Amino acid sequence: MSLANHGTIFLRAAALSLLAVLGGGLAQACGGEDDSPPPTATSGASTPATAMASTPTPGLVPLRGEIVVFAASSLIDAFKAGAEVFETRHPGVKVTFNFASSSALATQINEGAPAGVFASADLAQMKNVIDKGAAAESTIFATNVPVLVTPAKGSAVTSFEDLAKPGVRLVLAGPEVPIGRYSRQVLDNASAAASGPGPDFGKRVLDNLKSNEANVRGVLAKVQLGEADAGIVYTTDAAIAGSDVKVIEIPLAWNVTAEYPIAILKDRPNAAAAEAWVEFLLSPDGQAVLREFGFGSPAP
Amino acid sequence: MIDSPRADRAATVTIAVLAVAFALFFVLPLAGLIVRAIEEESTWSLLKEPQVRQALGLSLWTSTVTVALTVVFGTPVAYILARGRFPGRAFLDALIDLPIVLPPTVAGVALLTAFGRRGIIGEPIEAWTGYAFSFTTTAVVMAQLLVAAPFYVRAAKSGFESMDPQVERVAYTLGASRVRTFFRITVPQAWPALLAGFVLCWARSMGELGATLIFAGNLEGKTQTMPLAIISAFEGSSLGLAGAIALSLILLVVAFLVLVVFRMAGRWARWT
C-alpha cells in the first residue's frame, strides 16, 4: 500500500516538475516573441535636440536584451525612474537592478556576479573592482551630500554637535560602506577643526554608535522608525523619507562631497546596451532625472 | 504478478543516481568553503581577530541563553499542548508554529512593532523606565527566541504526544507526585524528541540573521553575532571576504562539534 502511495506521489511530482519546465519554456518563448512595440515619445522634459541625440540612429540594429546594473542603495529611486525613461527609448532593452551597499556589490562583482554595469557611491569601492580587473575605467556621473537625519519628533538631537551628547542613539552605515566612510570622514574633519567641537568629538560620537547598518537605506529606516535618534545619510535619501525625518545640515566646513563613479564591466554580454545606459546617465536627460532626485552633476 | 528483475535494477540505478546527485549538492558547498579557507593564507590569523572572537563569543552566549529560556518556558507549553484540552489550544498550537513558516525578517519587523521604541509595549516601557530593547544584546536573544523556540516546542510536543499517557497514570497510582512523574517518567521517555528539538532550536538561534539585523542592529561585541559578522565581512568590513570564509568555517566546525556532542548525548540516554 505504501509502495503504491509512493508511486503516486512520485508520478505527481514528476508531472508537476514537467509542467514547471514546460511552463518556464513557454514563458520564455512568449517573452522572446514580445517584440519591441513602436517607440513612443519620451519624457516631455527633454529638449528635442537631446531626445534626438539619444534615440537610436535609424539603420543601426536596435539594442535589445537585458542589462544588469549593480548600483549603490542610494540610487534606488533615481535609477528606477531613469530606467523607465531609458526603456521607452530602447524598447528592446530591459534594465535589471541589484541594489546594495557599494562594498557588498564590489565583493559580488569580484566573485564573478553577472553584472554588466557597476554604479558605486564612492571611488574606493570602484577602485576595488578595477584593481581586481573586473573593469577598466570609470566615469563620475553624479554627486551627493551627506546630511544628518533625526526622527521628525522627539529626538534628543537638534544640531550636529548634539551627536556627542551622552545617551544619543546613533546609527551609521558600516565603515566599509561608502556613506559610513563619509560619515566618519565628517567626524574626523569636525574633530580636527581648530574652532570645532573639540579633538575628541569623533570618539565621543562613535561611543554613541548603536549599529553599523549594511547600507544607507538601513540607516534611514532605523531613523524613520524612531529606533535611532540620529543617522547620517545622503541628501537624496533624506528627501525620499519626506516628513518622517528632520534634516539637519552638516556644517559645510566639515562636510564632504560623495562622488559616484560608474563603469561597464569587462567581458559581459550586451556591452552595447550597457554602454547606452551609461551614456544615457551622462546625457542631459539622464542628469535631469538624477537632479530631480537631488543628485548633483559631476564637476566638468 | 512477478516484477521483472530488469525493472528492479533500473529502479536501483535511478535511486543511486538521484541520491549521489543530492549528496553532492550538500558536499560541494562545504568542500568549497574548506578549500577556500585553506587557500586563503589569512584564515588562521583571522581566527585571532578580536572581532571574530567577539562574534563567536556573543553567538555562543546568546544562543545558550535562548536555548535555556526555550527549555524553561517552552517545555510546559509543549506539555500542555500535548496533554491539555482547553479552549484556544488549536489557536496556541498554530501560533507557535507560525514563526517556523515566517521569514525571520518578518519576525524582526514584528518585534520592532511590539518592542521597538514606537512599539505597542516598547514605547510605554521606555517612557516608564527609560529602557529601550533595540540595539541591545537582550534584543538579540529576543530575536533568536522568537524564531528558534518554536522548533523546540514542536519537537517536544510530538515527543510528549507519542508516549503513552497510561504510563504517567500508573506512576500517579503508585504514589509518585506529578513533578516526580514528569522528571522521572515523562522526560526520559520523551528524551530523544526533546534532544532533537534542543539541537534544532540551538542551530536556528546560532544561524539567526534577519530578525537580529532588523531588531537588534549590528554592533561588534554587542549585537554582532557570527551570521552578522559574516554578512558584514562579505559586504566589505575590514575582515573582508577571507574573513567571511574564516567565520563560516568556524561556524561549521562549532555546529559539527555540537551535533557530535548531541549525538553522543542521545546514545548515552539510550544506554542508561
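Residue numbers start from 1 in every chain, and the chains themselves are labelled A, B, ... in the order their sequence lines are given, proteins ahead of strands. Computed from a predicted structure; not experimentally measured.
Interatomic distance, CG of A:Asp229 versus CZ of B:Arg117, reported as 4.5 Å (0.5 Å rounding). Interatomic distance, CZ of B:Phe234 versus CD of A:Glu111, reported as 6.5 Å (0.5 Å rounding). With values rounded to the nearest 0.5 angstrom, B:Leu213 atom CG is found 11.0 Å from A:Asn212 atom CG. Here the OG atom belonging to A:Ser211 is positioned 11.5 Å from the CD1 atom belonging to B:Ile214, to the nearest 0.5 angstrom.
At most 12 non-hydrogen atoms from other residues, nucleotides or ligands lie less than 6.0 angstrom from CZ of B:Phe25. B:Asp164 CG: more than 12 foreign heavy atoms inside a 6.0 Å radius. Annotation: A:Lys127, atom NZ; neighbour count of heavy atoms from other residues, nucleotides and ligands within 6.0 Å does not exceed 12.
Side-chain contact between A:Glu227 and B:Phe215 is absent, with no heavy-atom pair separated by less than 4.5 Å. Counting only heavy atoms from C-beta outward, the side chains of A:Lys210 and B:Ser134 never approach each other to under 4.5 Å.
Taking B:Thr223, B:Thr113, B:Leu112 one by one and counting their heavy-atom pairs under 4.5 Å with chain A, the maximum is reached by B:Leu112. Chain A forms the most heavy-atom pairs under 4.5 Å with one residue out of B:Arg36, B:Gln224, B:Glu220, and that residue is B:Arg36. Listed options A:Ala214, A:Ser102, A:Ser101 were ranked by heavy-atom pairs under 4.5 angstrom with chain B; first place goes to A:Ala214.
At a 4.5 Å heavy-atom cutoff, B:Ile231 makes no contact with chain A through either its backbone or its side chain. With a threshold of 4.5 angstrom between heavy atoms, A:Gln125 does not approach chain B through any atom at all. Looking at A:Leu105, there are no atoms closer than 4.5 Å to chain B (heavy atoms on both sides), in backbone or side chain. Of the atoms belonging to A:Glu213, it is side-chain heavy atoms, and not backbone ones, that fall under 4.5 Å from chain B.
Taking every heavy atom of both residues into account, A:Lys222 and B:Gly217 meet most closely at CE-CA, 4.4 Å. Listed here is the closest heavy atom pair of B:Leu219 and A:Leu209: CD2-O, 3.2 Å.
For residues 167-190 of chain A, a heavy-atom distance under 4.5 Å to chain B picks out A:Arg169, A:Val171, A:Glu176, given by residue number.
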